[in-house]
Amino acid sequence: MDAGDAWIEDLYQRYGPALLRRARTLLGDEAAAWDAVQEVFVRALQAGGQFRHEASPMSWLYRITTNHCLNWLRDGGRRSQLLREQLGAAPLPSPDGELSVAMREVLRLLPREVSEIAIYSYVDRMGHDEIAALLGLSPRTIRNRLREFQTRAQSALGLTLEVAT
Amino acid sequence: MNQSTHLSDLRLDQLLAGELDPPSEAAMRAHLVACLPCTHRHGALLGGAAQIRSDPRFAALRPAIRERLATTGARPERPQARRRSWTTAMLAACAVAAAVIVLVRRPDTAVDVRVAASEDSRIKGGLAMNVFVRRAGAGDRVQTLLAGDPVHPGDQLRAQVRAATRGHFGIFAVDSPPPPAPAPAVASYLPSGAELAAVETGRAVLLDGAVELDAALGRELLLGVLCPSPRKKEAVAADIGAALTAAGGDPDRLDWHRAVPECVVTSLWLRKVAAP
């Protein structure tokens with residue numbers, strides 16, 4: 001194993017489990033979650049220069065994973081149509097468990113910039129300041145987008161979500 | 001930390017990935033010792049990561065990633081190690097040491113929170129055990145050990161205990177070496193001397209002595225034992241040894257809660273790995 005391979009191995013061991021855990025939570029599809037890990041790693045390593053200069057590779061990988069998963073959810077139009085039929089009184093998102101079908105549907109329907117922030121807040125338990133630092137936005141913008149998420153989720157699916165603090 | 005004062009998954013993942021600078025890591029570890037929900041979440045992420053790493057699909061995916069990279073011609077280079085000046089390192093070490101001193105000397109009310117909050121792995125029957133590590137070759141850098149944390153040969157351990165009832169306390173270790181190593185043995189770690197250390201009700205006690213970890217790698221089970229009356233460490237080690245024998249010599253099957261008759265026992269698993 002040369003130095004490059006050893007580095008990839010190290011990154012995979014350090015970051016792979018967190019990537020898979022988040023992908024499983026966001027996608028609710030085991031095969032898609034493993035695919036997501038592969039895609040995210042390949043994308044990250046292809047941008048090796050950026051990887052090397054990130055102060056926190058974990059933060060960077062969180063964002064790539066989130067974007068990949070949002071793409072996957074949005075591309076699954078027909079799948080989502082089927083899921084929508086199952087919604088009914090679907091449970092609200094639980095930070096400890098899988099996302100509900102309803103929550104995934106909300107994430108699919110709402111603007112990407114709103115959904116991304118909602119994921120960091122509801123799934124990753126990040127505070128407004130932490131999300132703001134991650135995305136380079138102001139805490140006020142984060143608050144406003146979470147309110148927008150709450151309002152639009154409510155009107156789209158009749159869900160009531162509390163805005164995380 | 002989010003605005004409800006709990007650590008986010010991102011922060012916990014950064015801690016587990018070893019990304020944090022020493023002052024941030026010390027602050028997080030101090031928080032984890034005192035916050036039950038965060039301790040549970042940390043444990044869940046740690047356990048989940050171990051489970052994923054042991055999944056055959058995890059190992060199988062790695063060559064696929066390499067292959068994809070090879071076909072695209074991408075060849076990542078290993079990053080240069082970041083240099084830290086002696087001054088920076090010393091300041092960081094001082095910050096960590098200060099954090100630990102605060103932890104040890106915190107007023108009793110704050111320690112009560114920790115006693116109540118860390119039931120998952122270190123507390124049993126009103127018994128709180130905190131183990132600190134000074135890393136070999138890392139100057140004065142000191143950390144509070146959490147379940148599953150790696151330790152290295154040459155690291156030094158000290159421990160603090162606080163109990164809801166008066167008694168006599170000591171820490172013992174059971175190695176869990178990978179086969180074909182010899183069967184695990186019980187070692188008396190702390191305090192120094194032949195007897196368990198006297199502990200007064202509600203008072204934090206820093207145990208005398210420090211233990212330097214040997215070169216044997218593998219998992220290691222630390223047992224904190226609080227007995228109602230004075231006892232020789234040798235006798236307690238013999239009780240643990242008997243319980244280990246009853247468990248077929250397998251520390252994972254050891255019924256450590258009941259390993260020492262009439263005494264309260266708490267535990268902490270460590271992973272001893274080669275120094276980086």
Side-chain angles (χ1 to χ4, degrees), chain A residues 2-22 24-25 30-31 34-35 37-49 51-59 61-63 95-96 120-121 123-131 133-134 139 164-165, chain B residues 1-21 24 37-38 40-82 150 273 276:
Chain A
D2 65 20
D5 285 340
W7 182 52
I8 293 172
E9 173 69 19
D10 177 51
L11 293 176
Y12 187 65
Q13 291 291 335
R14 285 169 71 186
Y15 298 106
L19 263 63
L20 180 66
R21 185 195 76 237
R22 290 189 78 244
R24 277 173 166 166
T25 302
E30 186 69 8
W34 285 98
D35 284 347
V37 172
Q38 182 175 164
E39 287 302 321
V40 169
F41 257 101
V42 168
R43 204 178 304 173
L45 291 167
Q46 282 174 335
F51 208 149
R52 287 198 301 276
H53 292 105
E54 286 292 326
S56 167
M58 186 65 82
S59 302
L61 291 170
Y62 257 56
R63 292 205 64 187
D96 283 326
Y120 297 133
S121 177
V123 176
D124 300 309
R125 310 147 184 260
M126 292 165 64
H128 297 170
D129 291 345
E130 199 177 359
I131 300 172
L134 180 70
T165 54
Chain B
M1 222 171 286
N2 68 30
Q3 289 162 3
S4 60
T5 73
H6 293 307
L7 299 169
S8 69
D9 279 4
L10 173 59
R11 294 296 285 167
L12 291 168
D13 278 330
Q14 288 172 328
L15 175 70
L16 291 173
E19 280 188 357
L20 300 177
D21 57 73
S24 302
C38 289
H40 281 168
R41 186 63 185 160
H42 174 262
L45 296 188
L46 188 69
Q51 210 165 28
I52 288 170
R53 287 192 187 97
S54 66
D55 188 320
R57 289 173 294 179
F58 188 70
L61 188 59
R62 201 172 44 225
I65 291 173
R66 282 215 188 93
E67 205 170 304
R68 285 271 307 277
L69 287 169
T71 56
T72 60
R75 191 65 187 157
E77 294 169 18
R78 189 181 179 84
Q80 296 290 320
R82 289 182 185 161
V273 297

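Below, read A as the first sequence line, B as the second, and so on, with proteins coming before strands; counting in each chain starts at 1.
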Nearest-0.5 Å distance, CZ of residue Arg14(A) to CG of residue Leu16(B): 11.0 Å
When you measure from the side chain of Gln14(B) to the backbone of Ser56(A), do you find a donor-acceptor pair of N or O atoms at a distance under 3.5 Å? no
In Å, rounded to the nearest 0.5 Å, how long is the span from CG of Leu15(B) to CE of Met58(A)? 10.0 Å
Beyond-backbone contact of Tyr12(A) with Arg66(B), side-chain heavy atoms, under 4.5 angstrom: no
Mind checking what makes side chain to side chain contact (heavy atoms under 4.5 Å, CB included) contact with Glu39(A), not counting sequence neighbours? His68(A), Arg68(B)
Would you mind reporting whether Phe58(B) and Pro17(A) have side-chain heavy atoms less than 4.5 Å apart? yes
So, taking the atom named CD1 in Ile52(B) and the one named CZ in Arg24(A), what distance separates them when rounded to the nearest 0.5 Å? 5.0 Å
For Arg57(B), what residues pass the side-chain hydrogen bond (donor to acceptor under 3.5 Å, both in side chains) criterion, not counting sequence neighbours? Glu30(A), Asp55(B)
Atom pair CZ (Arg125(A)) and CG (Leu10(B)), whose distance is rounded to the nearest 0.5 Å: 12.5 Å
If you compare all heavy atoms of Val123(A) against all heavy atoms of Asp9(B), which two are closest, and at what distance to 0.1 Å? O-OD2, 3.8 Å
Distance in Å, Glu130(A) CD paired with Arg11(B) CZ, rounded so as to fall on 0.5 Å steps: 6.5 Å
Using a cut-off of under 4.5 Å for heavy-atom pairs, which of Ala50(B), Ala44(B), Ala49(B) has the most such pairs with chain A? Ala49(B)
Please evaluate residues Asp13(B) and Arg21(A) with respect to the criterion salt bridge (Lys or Arg N to Asp or Glu O under 4.0 Å), reporting the C-alpha separation (whole Å), side-chain torsions for both, the decisive distance (0.1 Å), and the verdict. CA-CA 11 Å; Asp13(B) 278 330; Arg21(A) 185 195 76 237; 2.7 Å; yes
